[in-house]
Undergrad: 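Would you mind keeping the following structure in view while I ask a few things?
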2 protein chains.
Amino acid sequence: MEQNGVRIGVIGATGAVGTVTLALLAQRGFRHVRAYASSRSAGTAVPFGNDTLLVEEASPEALAAGELDVCFFSVGTATSRELVPHAVEAGALAVDKSDAYRLTPGIPLVVAGVNDDAVSPGDRIVANPNCSAMQLACVLKPLHEAAGLVRVRVATYQSASGAGAQAMERLLREPQAEHDLRMDWDFDGVEFDEEAKLRAETRKILELPELPVSATCVRVPVLVGHAEAVWVETEEPLPPERARQLLGAAPGVRVEDFPSPRLAAGRDEVLVGRIRRDPTVESGLALFLACDNLRKGAALNAVQIAELLLARRPLAA
Amino acid sequence: MEQNGVRIGVIGATGAVGTVTLALLAQRGFRHVRAYASSRSAGTAVPFGNDTLLVEEASPEALAAGELDVCFFSVGTATSRELVPHAVEAGALAVDKSDAYRLTPGIPLVVAGVNDDAVSPGDRIVANPNCSAMQLACVLKPLHEAAGLVRVRVATYQSASGAGAQAMERLLREPQAEHDLRMDWDFDGVEFDEEAKLRAETRKILELPELPVSATCVRVPVLVGHAEAVWVETEEPLPPERARQLLGAAPGVRVEDFPSPRLAAGRDEVLVGRIRRDPTVESGLALFLACDNLRKGAALNAVQIAELLLARRPLAA
């Protein structure tokens, strides 16, 4: 199908992920794009390539009236739960970035290039994973195929943009002397929901429902780009040189000596480096990842999912 | 011995650690304190309590002329190698923060409260550990005594002040949008010297020369306070509640729900929290630490070491 003909809605168009989604759609030559946001932002304009789009209110009626083929949702979980069904009922494919549908049985949770086969032609909703799970899955997949994952430990260094545009503005206003590590997620008394998501989503994406994963999630005062220090144990020994080759050949992954958020920002690949033996165990590796959480971690993966879907199923008449 | 009578030299008095050392000495009632720094800073003044001290040039002759009982060195490794022997020859006890002597056999590497017994009355040089190893040892010691350490993995979140006063000034000038994670240590092709130090010093402090340790060290755009995400495996099972009790009773350690650099800054204790099972193994814990790298991680521990030494040996006549 000719991309230019696809009618697209970006819901949450004024947010951190929505803004990048619009930029990627413009770059890729999509032309029929409408922008939606909450009533507060309705009536404002957002950039779209060299042009601007009028922001419409994201209501069930507006989405139905938009006659959309694909809707990208980058809104809160409650708003996704409310609006996604309306978009689907009106005939659109919904690619949802919230955690409303990520763990719902029967709804695919997709990292393009990692588990494309999870998408079927009949799917009307596809969930876009948490940005931390996304980059981890990109790197774990080839390692698992080569040597079998036994257990995974990950400490994250997540940027302000993962918490949205307001968190970015807060960081830009905060005096440097007040910067701190933060843990701005819901806590159940043992772990943050972010840590539980990272485990559950990694398991679903890799189709390893019992994979042991221990995560410590931390927000760092960096604007864009999430990093992760990862320890992986494998069934078969996997020398670092072999892991480096495998990762260098993996889709959407790029080997760098010293990945960092600024190096990853604005780039499409997950950067992986510091690939070395974990000397504390027989078959283990230590790695360091960085990824633009707004691109592959969010908007880019959403667009890639839509491209997968568009390639596999005819649009509604 | 009456503290007020002890004659002290602070070498590197204008640096990040030297400044805090002077503040701690003033608070603790030490009165005979002289400040030394490179020829560039000689002649300037540094704060000492409500007073100021004239900065003298740190030359072998000046240190000998100072008739010092205790010298605190917070200078580069090369400068320590040059000056420490002169101070010792002139009769002073040297407490050295550089890595010149940390791994030298026969020279104690001391975390006060953790391995005080490593100090003997005849010691003339005592090494002050790397700030990352220091806070880790404070937390590992009680866990090892209770359950036996099998292996340790640690991802660090180290602040700018660990790289000195100039790095702090750089961070204060850097636009927030340019903040990044950095790895500003020497690299041997596999790991940073900071990671090798963390392993080697932890082993020496805990007297566990074979302890398997895998570290990933990262600098974060935070001014003061180092944090660490730690995974520990033990020989005996150690339930999180028991670990929490042990750590709550450990000297210089304080249990907090969510340790962070800003919470640790200006405080004497190592903060530890997020104490939970590592569900990927039979007997494992995950923890998160934060510590003021300039206090317990450096200046405070140096002063505590000197207090240990002064309590145990008569000063030179």
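Numbered from 1 within each chain, the chains take letters A, B, ... in sequence-line order. Since the structure is predicted, the reported quantities are computational estimates derived from the model, not experimental observations.
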Undergrad: A:Val154 versus chain B, heavy atoms under 4.5 Å apart: side chain, backbone, both or neither?
TA: backbone
Undergrad: Where does B:Val150 contact chain A at under 4.5 Å (heavy atoms): side chain, backbone, both or neither?
TA: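 Neither part.
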Undergrad: For each of B:Ala160, B:Ala229, B:Pro261, tally heavy-atom pairs with chain A at distances under 4.5 Å, and name the one with the top tally.
TA: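 With the most close heavy-atom pairs to chain A, the winner is B:Pro261.
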Undergrad: So what's closer than 4.5 Å to chain B heavy atoms on A:Ala215: side chain, backbone, both or neither?
TA: backbone
Undergrad: Quick one: of B:Gly284, B:Pro221, B:Pro212, who has the most non-hydrogen atom pairs under 4.5 Å with chain A?
TA: B:Pro221
Undergrad: Tell me which of these, A:Leu263, A:Val213, A:Val218, has more heavy-atom pairs under 4.5 Å with chain B than the rest.
TA: A:Val218
Undergrad: Extract the chain A to chain B donor-acceptor pairs under 3.5 Å, no hydrogen or angle test applied.
TA:
| residue | atom | partner | partner atom | Å |
| --- | --- | --- | --- | --- |
| A:Arg151 | NE | B:Thr280 | O | 2.7 |
| A:Arg151 | NH2 | B:Thr280 | O | 3.4 |
| A:Arg153 | NE | B:Asp278 | OD2 | 2.7 |
| A:Arg153 | NH2 | B:Glu233 | OE2 | 3.4 |
| A:Arg153 | NH2 | B:Asp278 | OD2 | 3.1 |
| A:Arg153 | NH2 | B:Thr280 | OG1 | 3.2 |
| A:Thr156 | O | B:Tyr157 | OH | 2.8 |
| A:Tyr157 | OH | B:Thr156 | O | 2.7 |
| A:Glu174 | O | B:Gln176 | NE2 | 2.4 |
| A:Gln176 | NE2 | B:Glu174 | O | 2.4 |
| A:Ala177 | O | B:Arg262 | NH1 | 3.2 |
| A:His179 | NE2 | B:His179 | NE2 | 2.9 |
| A:Asp180 | OD1 | B:Ser260 | OG | 3.3 |
| A:Asp180 | OD1 | B:Arg262 | N | 3.0 |
| A:Asp180 | OD2 | B:Ser260 | OG | 2.8 |
| A:Val190 | O | B:Arg274 | NH2 | 3.2 |
| A:Glu195 | OE1 | B:Arg274 | NH2 | 2.8 |
| A:Glu195 | OE2 | B:Arg274 | NH1 | 2.7 |
| A:Ser214 | OG | B:Trp231 | NE1 | 2.8 |
| A:Ala215 | O | B:Arg276 | NH2 | 2.9 |
| A:Thr216 | OG1 | B:Arg276 | NH2 | 2.7 |
| A:Trp231 | NE1 | B:Ser214 | OG | 2.8 |
| A:Glu233 | OE2 | B:Arg153 | NH2 | 3.4 |
| A:Ser260 | OG | B:Asp180 | OD1 | 3.3 |
| A:Ser260 | OG | B:Asp180 | OD2 | 2.8 |
| A:Arg262 | N | B:Asp180 | OD1 | 3.0 |
| A:Arg262 | NH1 | B:Ala177 | O | 3.3 |
| A:Arg274 | NH1 | B:Glu195 | OE2 | 2.7 |
| A:Arg274 | NH2 | B:Val190 | O | 3.2 |
| A:Arg274 | NH2 | B:Glu195 | OE1 | 2.8 |
| A:Arg276 | NH2 | B:Ala215 | O | 2.9 |
| A:Arg276 | NH2 | B:Thr216 | OG1 | 2.7 |
| A:Asp278 | OD2 | B:Arg153 | NE | 2.7 |
| A:Asp278 | OD2 | B:Arg153 | NH2 | 3.1 |
| A:Thr280 | O | B:Arg151 | NE | 2.7 |
| A:Thr280 | O | B:Arg151 | NH2 | 3.4 |
| A:Thr280 | OG1 | B:Arg153 | NH2 | 3.2 |

Undergrad: So for B:Pro259, is it side chain, backbone, both, or neither that comes closer than 4.5 Å to the heavy atoms of chain A?
TA: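 The backbone, not the side chain.
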Undergrad: Below 4.5 Å from any heavy atom of chain A, which atoms of B:Phe187 appear? Answer side chain, backbone, both or neither.
TA: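 Just its side chain gets close to chain A.
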Undergrad: Is it the side chain or the backbone of A:Val224 that comes within 4.5 Å of chain B heavy atoms, both, or neither?
TA: neither
Undergrad: Determine, step by step, whether A:Leu181 and B:Phe288 satisfy the side-chain contact (heavy atoms from CB on, under 4.5 Å) criterion, reporting the C-alpha distance in whole Å, the side-chain angles of both residues, the deciding distance to 0.1 Å, and the verdict.
TA: CA-CA 12 Å; A:Leu181 303 179; B:Phe288 196 72; 4.2 Å; yes
Undergrad: Top residue by heavy-atom pair count (under 4.5 Å) with chain B, among A:Leu172, A:Val152, A:Ile275?
TA: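 When all of A:Leu172, A:Val152, A:Ile275 are compared, A:Leu172 has the most.
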Undergrad: Top residue by heavy-atom pair count (under 4.5 Å) with chain A, among B:Val220, B:Leu211, B:Leu223?
TA: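 The residue among B:Val220, B:Leu211, B:Leu223 with the greatest pair count is B:Val220.
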